[in-house]
Amino acid sequence: MPRGEHNGSSRSGAPRRTTPRPRGAAGDAFRWGRPLSRRTMTDLPDKTTAFMDWYLAVVEAANLTDKRYPVKGLNVWTAYGFRARRNLDAVLVREIEATGSEAVEFPALIPATEFAKEKEHIKGFDAEVYWVTKGGLSDLDVPLVLRPTSETAMYPVFALWIRSHRDLPLNVYQIVNSFRYETKTTRPFVRVREIHFFEEHTCQANEAHATERVRSNLGAFRKMADAFALPYLAIRRPDWDKFPGAFYTVALDSPLGGARTLQLGSIHHYRENFSRPYAIQYEAADGSQQFVHQTTFGLSERLLGAIVAVHGDAKGAVFSSAIAPYQVVVIPILGSDVGEAPLRVAEDVAARLRRHGYRAHLDAGDDRPGAKFYRWEQAGVPLRLEVGRREAEARSATSVDRLGTKGRVALDRLEGEVADRLAEFDRALRARADAAFAASFSVARSLAELAGSTRVRIVAWCGSEACGHQIESGIDGALLGTPEDALPIDPGAPGPCIGCGGTESTRWALAGQPL
RNA sequence: GGGACUGUGGGGUAGCUUGGUCCAUCCUUCGGGGUUCGGGACUCCGAGACGCCAGUUCAAAUCUGGCCAGUCCCA
C-alpha cells in the first residue's frame, strides 16, 4: 500500500491556479461532450519545481484520460489513452504467458463471507472496499464486496481445482478492473478508485517453488520494464508494510525525481497464509495432504503513470515504441504552391508503414505544421516523418524523433529505416532514463542527514521496526525496504544502523517519499 | 476522525473585500467562412458559465445559512 503524500507545489510567479478547478456537484456541472480532440497547452508547469502540476498537465495535454467523469477517482480512457493501455497490456500478457501463466477471469463480486476468511487480509482492505448490499429493492442476505483484489474470489475455487500434486503448479492471471475506495486525493493512473489491474495468482507445491515463482516474476517484470524503457528497483518491503496477508512482499519502485518514488507493482509470497483458511490442499506423491504455497504478482495502470512521470519532459509525454499509441506520425507540409504531391506521398508512407505492422498516423489536418509538431510531441509520439515538396521530389522523408534526433529516410528503404530509427530512439530513451535513475540515489549516514532529502536515500538499517519508523519520520516518507538486487550506486559495506547505532545484521535499505 | 480553504462556459481565469455600471472579463477550446501552411498563423461570424437549495434585499456571481463536491493540513 502506498503511503505518504506529495504536496503539489505552486507554480512560481504568476498568480495562476495551481490545481485544476474542482468540478461542481456530480451530475450537474458535468457535460457529456465528446473528448477534446486537439487539445494543446502552450506551456507546461516545470517538472522539477512543480512536479504534480506538471504531471497532471502532461496527462491532460497528451489526452490520455478524461478526468471529468463525475465520480472521484474514476477516469475515462480516451481513444488515445486506451491505445497506450492496450499496448501496455500486450507487453504484460506476452511476458507473463512466456512464463507459463494462463489467462482466466473471475467474477467482480465477492461474498462477504469469503472475503472475511483471512484475517490480516480483511483488516487491510476493510476500510477501502465498495459494498454491494442491495439487489434491486431488497437487501442481500450476504453482502457482496466489489473486488479490491481477487484472492478471496479465486481461492475458494482454487480449492476445488486442486486435488493432486499433478494439478500444480497453477499459474493464472487476469486483467480486470478492481475497486478501492481511496480516501486520499486521487490522481490519474497513480491513485484511482477503479484500478485497471493485472494480477497473477499461483499455487505451488512448497515454499521453495513459490520462492522460485517470485524470482520468475521478477524476471518477467525485467522484460516488461525493458519494453517500457523504465528503470526500477525491486525492494523487499518491511514487515509492517507488506501486503495484508502476505509472508513477504517485493515491490517494484521507480524514482520520480527528488525523493519521490512510485510503486509500479508488487510480488507477494503468501506461504500457506491463504491456503489454510481457504483449504487449498493437494495429495502429494506420498499420499499426504499438503497445503499449497501461493504467490501473486500485481501491476496496474500505474505503469502508465510511471512512464509519463519518468520519460516525460518539458515538451510533454514520451512513449517507448513498444507502447506508443502511435509509433510514427506522418505530417505532410502543404501549401498553395506545392500541389498534391506531398500529401500523396505522406498517405503512401503511412499506408506502407501500417501494412508492415507499424502504428502509423497521418495528420493531414488543416493546422499549420508547427502546431502539429507541438501537439504530437506533447502526445509522446516517438517518430515524426515530414513530407514536403523537397521530400516528395527526392523520394524521402525528414525524420525527427521525440528526443530531437533528425535524419532523412529514403522511401525505397522506408520500413527498414523506420525500424532503425525507432530502435535508436528506444535506446536513447532508456539511456536518458538510466542516467536520471542513477542520479536519483544518495547515501544518508545519519538521521539528521535525511531531512530535506532531494534524492531517494540509501541508509544502513538494523531491520527493527522502531528504527524503521525513525527513518521514516526523518525523511518524511517511508522506509521502502531492502533491495533484492544490487544498488544503483555502490556504497560499500553498511555501517551501524542510523537509527540505533547497532551493528548487528545491518543492511542497506532505501527510504523515499512514495507518491 | 479533527481543522482550514475553494467551487464562474469544455479547460484556465477576471469580477467577490465595499451588492447595482455584469443579459459577467480575458486566454484557450468548439462550430462555420476566407486567406494561409518547412516550429504554436491571421481574420470574420457563431456557441458556451456564476455547484445546489433556501434566506436577506428594491437589487445577489458578490452577503448569510444548509447541502453537495473538491483541495490541503493534522491524527
Side-chain angles (χ1 to χ4, degrees), chain A residues 3-11 14-45 50 52-53 56-76 78 127-128 182-188 191 193 314-316 329-343 345-346 363-379 381 384-394 396-402 404 406 408 469 472-473 476:
Chain A
R3 307 126 306 170
E5 182 64 33
H6 170 73
N7 312 327
S9 40
S10 302
R11 269 169 223 167
R16 297 180 59 186
R17 206 166 262 280
T18 56
T19 51
R21 177 173 293 280
R23 297 184 300 277
D28 51 51
F30 186 74
R31 297 284 185 274
W32 293 93
R34 67 188 163 89
L36 304 178
S37 54
R38 298 193 301 168
R39 174 165 41 189
T40 59
M41 214 167 267
T42 40
D43 44 32
L44 298 169
M52 195 38 79
D53 291 337
L56 294 169
V58 170
V59 168
E60 185 173 342
N63 195 208
L64 296 170
T65 69
D66 194 325
K67 61 181 180 188
R68 294 171 299 178
Y69 191 79
V71 181
K72 173 187 165 86
L74 310 193
N75 295 319
V76 175
T78 61
E128 52 181 78
E182 289 284 354
T183 51
K184 292 189 169 181
T185 305
T186 58
R187 317 212 178 274
R191 189 178 297 128
R193 284 177 166 179
K315 290 177 167 181
V329 61
V330 186
I331 298 179
I333 314 291
L334 307 170
S336 52
D337 58 335
V338 301
E340 295 257 294
L343 180 59
V345 172
D363 186 353
D366 283 336
D367 296 304
R368 293 162 73 92
K372 295 178 185 175
F373 298 165
Y374 276 93
R375 182 174 317 127
W376 293 113
E377 280 166 355
Q378 285 189 333
V381 176
R384 173 173 88 231
L385 295 178
E386 304 168 20
V387 181
R389 182 173 45 80
R390 295 197 295 270
E391 289 89 345
E393 285 166 2
S396 72
T398 297
S399 74
V400 184
D401 77 19
R402 180 56 180 75
K406 291 190 183 175
R408 197 154 253 263
H469 291 319
E472 298 194 323
S473 42
D476 191 23

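Note on naming: letters A, B, ... go to the chains in the order of the sequence lines (proteins, then strands), and numbering restarts at 1 for each one.
Comparing B:U43 with B:C58, their C1' atoms are spaced 45 Å from each other, to the whole Å. Distance check on atom P: B:G46 versus B:G51 gives 27 Å, rounded to whole Å. Comparing B:C50 with B:U6, their C1' atoms sit 14 Å apart, to the nearest whole Å. The separation of B:C52 from B:U62, taken at their P atoms, amounts to 11 Å, rounded to a whole angstrom. Taking the P atom of each, B:U56 and B:A49 are spaced 28 Å apart, rounded to whole Å. Straight-line distance between the P atoms of B:C26 and B:U18: roughly 27 Å, to the nearest whole Å. When the P atom is used for both B:A24 and B:A61, the distance is 11 Å, rounded to whole Å. Of the C1' atoms belonging to B:G11 and B:U29, the separation is 7 Å, rounded to the nearest Å.
Whole-Å rounding puts the A:Glu393 CD to B:G38 C1' distance at 13 Å. Regarding A:Arg187, its CZ atom lies at a distance of 14 Å from the P atom of B:G70, rounded to whole Å. What separates CG of A:Asp367 from P of B:G38 is a distance of 12 Å, to the nearest Å. Atom CD of A:Glu60 is separated from atom P of B:U29 by 13 Å (rounded to the nearest Å). Residue A:Lys372 contributes atom NZ, which lies 8 Å from atom C1' of B:C37 at whole-angstrom precision. The interatomic distance linking A:Lys406 (NZ) with B:G39 (P) rounds to 9 Å, in whole Å. Atom CD1 of A:Ile333 is separated from atom P of B:C37 by 12 Å (rounded to the nearest Å). Going from atom CD of A:Glu182 over to atom P of B:G70 covers 14 Å, rounded to whole Å.
Under the Watson-Crick and G-U wobble criteria, each requiring two contacts below 3.5 Å, nucleotide B:C37 is left unpaired. Base pairing analysis places B:A24 opposite nothing; no Watson-Crick or G-U wobble pair with both distances below 3.5 Å involves it. Both distances falling under 3.5 Å, in either a Watson-Crick or a G-U wobble arrangement, place B:U71 opposite B:A4. As the counterpart of B:G48, no nucleotide is assigned, since no Watson-Crick or G-U wobble pattern has both distances under 3.5 Å. The base-pairing partner of B:A61, taking Watson-Crick or G-U wobble contacts with both distances under 3.5 Å, does not exist among the strands shown. In a base pair of the Watson-Crick type (N1 to N3 plus N6-O4 or O6-N4) or a G-U wobble (N1-O2 and O6-N3), with each distance short of 3.5 Å, B:A14 is matched with no nucleotide.
Between A:Phe373 atom CZ and A:Asp367 atom CG the span is 12.0 Å, to the nearest 0.5 Å. Interatomic distance, A:Lys406 NZ to A:Arg384 CZ, rounded to the nearest 0.5 Å: 7.5 Å. Atom CG in A:Leu343 sits 13.0 Å away from atom CD1 in A:Ile331 (nearest 0.5 Å). Distance check, rounded to the nearest 0.5 Å: CD of A:Glu182 to CZ of A:Arg191 gives 5.5 Å.
Of the candidates B:A41, B:G38, B:C37, the closest approach to any side-chain atom of A:Ala371 belongs to B:A41. Of the candidates B:G39, B:G70, B:G38, B:G70 carries the atom nearest the A:Lys72 side chain, counting heavy atoms from C-beta on. Here B:G40 is the nucleotide among B:G40, B:G39, B:G38 with the atom lying nearest to any side-chain atom of A:Gln378. The side chain of A:Val400 approaches B:G39 more closely than any other nucleotide in the set B:U36, B:G39, B:G40.
Counting only heavy atoms from C-beta outward, the side chains of A:Leu56 and A:Pro188 approach each other to under 4.5 Å. Taking 4.5 Å as the limit, some side-chain heavy atom of A:Lys67 sits within range of a side-chain heavy atom of A:Glu60. Looking at heavy atoms from C-beta onward, A:Ile333 lies out of side-chain contact with A:Pro342 at the 4.5 angstrom threshold.
Judged by distance alone, with hydrogens and angles left aside, A:Arg375 brings no side-chain donor or acceptor close enough to the base of B:G39 to form a pair under 3.5 Å. Residue-to-nucleotide contacts include no donor-acceptor pair under 3.5 Å from the side chain of A:Glu377 to the base of B:G40.
In this structure, A:Ser336 reaches the B:C37 phosphate: one of its side-chain N or O atoms is under 4.0 Å from OP1 or OP2. Close to B:G38, at under 4.0 Å from its OP1 or OP2, lies no side-chain N or O of A:Arg389.
Evaluation of A:Tyr374 against the base of B:G40 yields a stacking contact (centre distance < 5.5 Å, interplanar angle < 30°).
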